[in-house]
Each structure stands twice: as C-alpha cells, then as structure tokens.
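Heavy-atom basis, side chains included; hydrogens, waters and symmetry copies ignored. When a ligand or atom number is given, it counts from 1 through the structure's own listing order.
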Amino acid sequence: MPPREWNAPSYERVSAPLEAMGRDVLDRLDLTGDERVLDAGCGTGRVTAALVERLPRGEVVAVDGSQAMVDETKARLGDGVEAFAADLVELELERPVDAILSTATFHWIGDHERLFARLHAALKPGGRLVAQCGGAGNVATLLEAIAAVGHPAFAGWDGPWNFATTRETKARLEAAGFRDVWTWPQHVPVAPEDPREYLTTVMLGSHLERLPEHERDDYADAVLAALGPRPTFEYVRLNMLARS
Ligand SMILES: C[S@@+](CC[C@H](N)C(=O)[O-])C[C@H]1O[C@@H](n2cnc3c(N)ncnc32)[C@H](O)[C@@H]1O
C-alpha cells in the first residue's frame with residue numbers, strides 16, 4: 001500500500017504529545033552541528049524544527065509520504081530544509097546522510113525489511129539510525145475498542161499498523177546490514193486534550209478513509225464511546241539505535 005494523505009492542519013493542532021516523544025528521541029542523537037541528517041517521516045516538521053536547531057552548519061533532509069505533511073514542513077522551515085514527498089520503502093537520496101532520525105512513523109509501514117534496507121542504503125558508512133515507533137502491545141485499549149465497534153468494511157483487513165517486537169526488529173535491522181543494534185520498549189501514557197480530534201487524525205485516519213464519508217463521524221464517535229470518558233492511550237514505543 002502506498003502511503004496515504006494526512007490531515008496536516010489537524011495533526012499540527014493535536015500532535016504536541018508526539019512532538020514531546022520525538023524530542024526525547026532526538027536527544028539520543030549526538031551531533032556536532034555540521035552533519036547531514038534525514039528526518040524519515042517528518043510529519044508537519046515539529047521535530048524536524050528541533051533537529052534544524054541542532055545543525056547550525058549542517059543540512060536536514062525531511063521526507064514524508066504525505067504531500068500535505070511535506071507542504072506544512074516547508075511552510076514551517078522554508079529553505080532551511082530539503083523536503084520532499086516519498087514512500088520510505090522506495091527512498092532514494094541524491095547524497096547519503098550521516099544520520100537518520102525517525103519518530104512515530106515506522107509502524108505505519110508494513111514491510112520493515114525493505115524499509116530498513118532503504119534506510120541502510122541512505123546512510124554513509126558508520127552512519128547512525130535513531131528511531132522510535134509504535135511497538136508490540138501499543139495502544140492495546142484502542143485495538144480492543146476498534147474490535148468491539150467493528151465494521152464490515154474492515155473484514156479481512158489486518159489494520160494499518162505494524163507493531164513489531166524488539167527482538168524481530170533487532171533481527172531485521174541486522175539483516176539489513178546494521179550493526180551495534182539496540183532495541184527496547186518504553187511505556188508512554190498519553191491523555192490528549194482533544195481526544196476526538198486526536199483519535200480521528202492521529203489514530204483512525206486509515207480506518208476512516210475506508211468508510212463512506214457519511215459514516216465516518218458515527219464510527220469515530222462509537223470508538224470514542226468504547227474507549228470511555230477521558231481516554232488515555234497506553235503507548236508502547238519501540239526504540240532503535242543502530243549504526244550502518
Ligand atoms: C504520526 S506521524 C509522525 C510525524 C512526525 N515524525 C512526528 O513525530 O510528529 C506519521 C508520519 O509517517 C508518515 N508515513 C507513513 N507511512 C509512510 C511511508 N511509507 N513513507 C513515508 N512516510 C510515511 C505519515 O505521512 C505521517 O506524516
């Protein structure tokens with residue numbers, strides 16, 4: 001499946017919790033300030049902007065599968081970044097990078113073998129991968145709510161997410177050629193300020209686009225009701241550190 005479009009203005013409104021997680025991941029990337037770094041799945045560029053601040057003499061390449069997200073990143077960072085739309089499983093860079101940062105993106109991609117091979121090819125020898133995405137056990141109560149509500153349009157569909165385990169991810173990274181691989185899980189509870197907008201934009205986009213437009217609001221309301229009042233999403237993040 002090629003990447004889908006995202007509602008970038010809405011993501012910009014509700015994604016503060018993801019920016020906070022992303023900044024913590026960025027803190028794991030030691031930089032001298034003159035490197036060339038890829039943000040793989042840049043979204044609206046909130047974490048990319050923090051990366052730009054750490055590279056006063058460097059270069060940032062921002063890639064996302066959604067043109068709307070790329071446009072928002074360009075509006076935020078202008079000529080400060082080289083931003084373009086591409087599917088990460090087909091990534092081709094004109095010049096390799098010293099490091100890759102990626103936050104909250106890889107679990108939207110089904111083929112991690114191909115993804116990691118493309119990322120490895122995009123890195124200079126010895127380049128670093130510092131990433132975090134949803135891992136095994138992520139947002140379990142949301143998965144239960146989605147199953148409880150159900151919908152014929154989802155019959156036979158495995159859903160949009162690839163919540164991999166730490167062990168299989170380490171093996172896949174090593175098979176792609178990465179070394180010094182570390183993977184570990186992290187529990188991060190998130191109670192969004194506007195649960196409905198957060199749910200529809202951050203969580204349910206792939207579900208909603210499979211439904212007729214006139215059913216989407218009712219479906220989102222039903223999932224929200226199944227989650228109960230003031231829902232907290234129990235994120236289980238999959239962290240990755242590796243070297244090419
Ligand atoms: C939850 S957002 C994360 C954005 C940003 N990194 C952050 O932390 O806020 C997930 C992003 O992954 C992008 N994405 C999903 N599948 C992709 C793919 N195959 N190739 C490139 N980008 C993809 C989406 O377009 C979206 O912008």
Side-chain angles (χ1 to χ4, degrees), residues 1-29 37-52 60-77 81-93 97 99-119 121-122 129-135 138-139 142 159-164 186 188 190 192 197-209 233 235-240:
M1 283 286 286
R4 66 179 167 87
E5 272 307 321
W6 282 59
N7 182 340
S10 175
Y11 189 81
E12 181 60 22
R13 277 194 296 277
V14 300
S15 60
L18 292 151
E19 180 187 347
M21 281 186 248
R23 283 176 176 267
D24 286 346
V25 179
L26 174 60
D27 284 343
R28 296 179 193 143
L29 181 59
V37 181
L38 167 69
D39 186 356
C42 59
T44 56
R46 293 171 76 137
V47 181
T48 325
L51 177 62
V52 168
V60 172
V61 185
V63 173
D64 198 278
S66 159
Q67 186 63 54
M69 292 297 222
V70 171
D71 290 347
E72 194 82 23
T73 295
K74 282 184 173 167
R76 164 172 272 124
L77 296 168
V81 300
E82 174 190 337
F84 62 93
D87 187 340
L88 288 171
V89 300
E90 294 179 357
L91 183 69
E92 301 266 358
L93 297 183
V97 291
I100 297 174
L101 173 75
S102 184
T103 59
T105 295
F106 294 170
H107 57 276
W108 292 102
I109 298 175
D111 189 344
H112 279 182
E113 282 87 354
R114 211 166 136 199
L115 169 69
F116 295 156
R118 293 318 307 152
L119 297 181
L129 171 68
V130 177
Q132 184 187 74
C133 65
N138 198 36
V139 293
L142 174 64
W161 299 302
N162 182 2
F163 294 145
Q186 182 182 353
V188 184
V190 170
E197 186 169 10
Y198 193 86
L199 187 67
T200 54
T201 298
V202 179
M203 308 297 214
L204 292 182
S206 296
H207 290 78
L208 295 175
E209 77 172 11
F233 297 103
Y235 279 101
V236 179
R237 309 316 273 172
L238 164 54
N239 293 299
M240 298 166 220

Could you tell me whether the side chain of Arg118 and the main chain of Leu91 form a donor-acceptor pair under 3.5 Å?
yes
So is Ala86 touching ligand 1 or not, going by heavy atoms under 4.0 Å?
yes
For a quick check under 3.5 Å, do Ser206 and Arg4 share a side-chain donor-acceptor pair by atom type?
yes
Pair Thr44-Glu12, side-chain donor/acceptor within less than 3.5 Å
yes
Mind checking ring-ring contact (aromatic ring centres under 6.0 Å, His included) for His207 and listing every partner two or more places apart, or none if nothing turns up?
Phe154, Trp157, Trp161
Please determine whether any non-hydrogen atom of Val202 lies less than 4.0 Å from an atom of ligand 1.
no
Are the side chains of Tyr198 and Val190 in touch, meaning some heavy atoms are under 4.5 Å apart?
yes
Atom 14 (N) of ligand 1 - nearest protein heavy atom and its distance
Thr105 CG2, 4.0 Å
Those atoms of ligand 1 less than 4.0 Å from some heavy atom in Gly65:
21 (C), 22 (N), 23 (C)
Atom 15 (C) of ligand 1 has as its nearest protein heavy atom Trp108 CB, 3.7 Å
About how many Å separate CD1 of Ile109 and CG of Asp87, when rounded to the nearest 0.5 Å?
6.5 Å
Can a donor-acceptor pair be found, under 3.5 Å and without considering hydrogens, that links the side chain of Glu72 to the backbone of Gly45?
no
Are the side chain of His112 and the backbone of Phe106 linked by a donor-acceptor contact shorter than 3.5 Å?
yes
Pull out every atom of ligand 1 sitting under 4.0 Å from any heavy atom of Cys42, numbered as shown with elements.
5 (C)
Pick one of side chain, backbone, both or neither for how Ile109 approaches ligand 1, counting any non-hydrogen atom pair under 4.0 Å.
side chain
Suppose I only count heavy atoms of Ser66 and a 4.0 Å limit; which atoms of ligand 1 are within that range?
25 (O)
May I ask you to identify the nearest protein heavy atom to atom 20 (N) of ligand 1, giving residue, atom name and distance to one decimal place in Å?
Leu88 N, 3.0 Å
Test item, Asp64 contacting ligand 1 (heavy atom, 4.0 angstrom):
yes
Restricting to heavy atoms, the pick from Gly41, Ala16, Ala104 nearest atom 5 (C) of ligand 1 would be Gly41
With a 4.0 Å cut-off on heavy atoms, is Met69 touching ligand 1?
yes
protein heavy-atom neighbour closest to atom 2 (S) of ligand 1 works out as Tyr11 OH, 3.4 Å
Among side-chain atoms of Asn7 and Thr201, is any donor-acceptor pair under 3.5 angstrom?
no
How far is atom 8 (O) of ligand 1 from the closest protein heavy atom, and which atom is that?
Thr103 OG1, 2.8 Å
Subset of ligand 1 atoms that lie under 4.0 Å from at least one heavy atom of Asp87:
18 (C), 19 (N), 20 (N)
Pair Glu197, Ser10: side-chain N/O donor-acceptor within cut-off below 3.5 Å:
yes
